Amino acid sequence: MGRLFGTDGVRGLANADLTPELALSLAEAAARVLPAGGPDDRARPVAVVGRDTRASGEMLEAAVCAGLTAAGVDAVRVGVVPTPAVAYLTDFYDAAFGVMISASHNPMPDNGIKFFAAGGHKLSDAAEDAIEAAAGAAVVRPTGAAVGRVRDAADGIDAYLDHLSGIVDVNLKPVTVVVDCAHGAAYTAAPRAYRSAGATVIALSAEPDGENINLDCGSTHLDQVRAAVLDYGADLGLAHDGDADRCLAVDATGAVVDGDAIMAVLASAMKDAGSLKDDTLVATVMSNLGLHLAMTAAGITVRTTAVGDRYVLEELRAGGFSLGGEQSGHVVIPSHGTTGDGILTGLALMGRMASTGKSLAELAAIMNALPQVLINVRVADKNVVAAAQSVQAAVADAETELGATGRVLLRPSGTEQLVRVMVEAATAEQAQSVAARIAAAVEAA
């Protein structure tokens with residue numbers, strides 16, 4: 001099967017690839033591999049367990065809790081909450097580790113499991129490898145009073161929202177925002193957080209039924225939030241993904257403000273406030289060249305990582321930097337969270353608008369993006385296809401054509417059987433033409 005863990009945990013078709021048996025095995029293995037942490041006077045270690053709104057989450061939550069308790073770990077269920085809430089609550093409850101059941105922006109039939117270490121930090125590759133190696137191994141399980149227990153923490157979402165409430169130091173009363181909750185984990189948390197900060201909130205896709213998560217809504221389908229911003233005359237729109245660790249924005253004209261532009265706005269704000277460590281922003285190779293040019297003009301250095309917020313996080317922690325993220329809308333502000341947090345991003349963006357009195361369009365004008373085309377090609381084996389000689393030749397030809405006026409990035413998806421083809425060029429027509437040629441080579445391979 002290859003490595004189970006991708007760039008963001010273990011994902012697959014729920015009850016087919018990601019079965020209850022696998023979920024139980026992974027949870028039990030994590031309980032054996034990850035350090036206990038927490039107060040020494042506890043009879044058993046504790047793990048926080050959260051999920052998004054997918055119907056399969058109920059089944060997988062039960063399996064995860066079974067695996068944890070079978071290994072002698074108490075499972076604290078916090079219910080439907082954003083992924084960053086699980087990260088925060090892992091630290092808040094002084095838990096040994098946390099488990100989030102979600103496939104983020106993936107379609108409803110998929111699901112996933114990701115782990116957080118003590119303190120709410122994402123696991124290293126080595127820790128994931130150790131869990132994978134330990135999954136399914138024969139062990140002697142605890143009995144009697146040593147068996148773990150399951151309890152519900154009804155105050156979890158309130159604790160997370162209390163944490164967010166102290167982040168924006170300006171009242172958002174002048175701001176009217178449309179928020180697309182993707183029928184996902186943000187459906188109560190995002191509107192509550194924004195209203196608490198003073199904003200007038202119009203909530204969309206906030207009625208999950210277990211099957212409609214990410215369905216023509218959220219950060220991967222922006223038409224709904226764009227139309228609503230125009231219909232309501234709102235100042236901006238915010239769109240979250242299924243587990244609310246992403247945030248994309250729309251300005252008052254309906255123009256999309258992606259993760260790169262959001263990072264440009266926030267980096268400039270933090271530099272002005274003297275809180276941008278070493279005047280440095282951390283981004284991935286997917287970020288537009290326009291971001292690099294804008295940051296250079298603003299006196300900000302951009303450090304580049306591989307794709308995946310985990311790699312952004314590693315670079316942030318290694319250098320003690322203040323801000324990082326991805327074009328897709330994962331934005332990390334280490335002073336307020338250990339992982340990407342879409343609701344925190346929305347608050348920070350609206351805070352900049354309120355404190356400057358500028359519109360989002362004015363703020364986002366700091367960056368001019370080069371035309372960029374991204375084509376996702378579904379394949380049977382993403383790694384084999386991406387490495388094919390014919391595909392590599394197509395990439396080399398494209399790079400020769402573009403020269404210094406653009407770039408090509410071809411990579412296997414970390415979460416799906418896709419090969420992603422990204423091209424930036426001087427014109428949209430050239431970017432589309434070059435990307436289409438490479439995508440055709442991928443399909444042929």
Side-chain angles (χ1 to χ4, degrees), residues 6-9 83-84 87-88 104 114 116-117 119-125 167 219 241 244-249 257-349 351-352 363-364 366-370 372 374 407 409 411 414-415 420 422 424:
T7 56
D8 200 19
T83 286
Y88 173 75
S104 188
K114 65 184 84 175
F116 291 97
H121 298 285
K122 287 202 171 185
L123 301 187
S124 65
D125 287 343
I167 289 171
S219 63
D241 59 342
D245 63 354
R246 294 189 192 192
C247 176
L248 293 180
V257 179
D258 69 7
D260 283 344
I262 291 171
M263 287 190 289
V265 171
L266 298 185
S268 299
M270 295 174 74
K271 186 175 188 292
D272 290 347
S275 60
L276 188 66
K277 170 74 182 304
D278 294 341
D279 289 339
T280 296
L281 169 68
V282 178
T284 77
V285 293
M286 287 294 288
S287 281
N288 193 280
L289 285 177
L291 174 64
H292 293 260
L293 296 173
M295 294 297 91
T296 297
I300 296 171
T301 299
V302 179
R303 295 180 69 96
T304 304
T305 75
V307 175
D309 65 338
R310 63 179 301 162
Y311 302 112
V312 173
L313 284 161
E314 288 175 2
E315 186 69 16
L316 287 169
R317 294 182 69 184
F321 300 121
S322 312
L323 179 68
E326 297 185 281
Q327 186 186 65
S328 60
H330 284 121
V331 176
V332 185
I333 306 175
S335 60
H336 299 305
T338 58
T339 189
D341 189 330
I343 299 176
L344 168 60
T345 301
L347 288 169
L349 195 60
R352 181 63 167 170
L363 294 172
I366 187 176
M367 175 185 155
N368 292 312
L370 272 68
Q372 184 184 80
L374 175 64
R407 66 179 181 129
L409 181 64
R411 69 178 187 90
T415 58
R420 304 192 191 279
M422 190 273 282
E424 291 172 350

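Since the model is a prediction, treat every value here as computed from it, not as a measurement. What's counted below: heavy atoms across the whole structure, side chains too, no hydrogens, waters or symmetry copies.
If you take NE2 on His330 and CG on Leu313, they are separated by 9.5 Å, rounding to the nearest 0.5 Å. Distance CG/Leu316 to OG1/Thr338: 11.5 Å, rounded to 0.5 Å. The CD atom of Glu314 lies 10.5 Å from the NZ atom of Lys122; values are rounded to the nearest 0.5 Å. From Ile262, atom CD1 reaches atom CZ of Arg352 across 14.5 Å, with rounding to the nearest 0.5 Å. To the nearest 0.5 Å, atoms CG (Leu347) and NE2 (His336) are separated by 10.0 Å. To the nearest 0.5 Å, the span separating CG on Leu276 from CG on Leu266 amounts to 10.0 Å.
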Worked verdict on Asp309 versus Arg246 for salt bridge (Lys or Arg N to Asp or Glu O under 4.0 Å): CA-CA 10 Å; Asp309 65 338; Arg246 294 189 192 192; over 6 Å; no
Side chain to side chain contact (heavy atoms under 4.5 Å, CB included) between Ser104 and Asp245, intermediate numbers included: CA-CA 8 Å; Ser104 188; Asp245 63 354; 3.9 Å; yes
Worked check of side chain to side chain contact (heavy atoms under 4.5 Å, CB included) between Thr304 and Thr284: CA-CA 5 Å; Thr304 304; Thr284 77; 5.7 Å; no
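By the 4.5 Å heavy-atom criterion applied to side chains, Leu281 and Thr301 are not counted as neighbours. Between Thr339 and Val332, the closest side-chain pair of non-hydrogen atoms is not below 4.5 Å. Between Lys271 and Leu323 there is no side-chain heavy-atom pair separated by less than 4.5 Å. Contact annotation: the side chain of Pro84 never approaches that of Leu344 to less than 4.5 Å [non-hydrogen atoms, C-beta and beyond]. Counting only heavy atoms from C-beta outward, the side chains of Phe116 and His121 never approach each other to under 4.5 Å. Considering only heavy atoms from C-beta on, Met263 stays 4.5 Å or farther from Glu326 through its side chain.
A donor-acceptor pair is defined here as one N or O able to donate and one able to accept, closer than 3.5 Å; no such pair exists between the side chain of Asp278 and the backbone of Thr280. Between the side chain of Ser268 and the main chain of Ala264, a donor-acceptor pair closer than 3.5 Å is present. Judged by distance alone, the side chain of Lys277 and the main-chain N or O of Gly319 form a donor-acceptor pair under 3.5 Å. For the pair Arg310 (side chain) and Leu123 (backbone), a donor-acceptor distance under 3.5 Å is present.
Side chain to side chain, Glu424 and Asn288 meet the donor-acceptor criterion of an N or O pair below 3.5 Å. Side-chain contact check for Asp241 and Ser219: no donor-acceptor pair (N or O, by modelled atom type) lies under 3.5 Å.
No more than 12 heavy atoms of other residues, nucleotides or ligands lie within 6.0 Å of CZ in Arg317, so this atom counts as exposed by the packing criterion.
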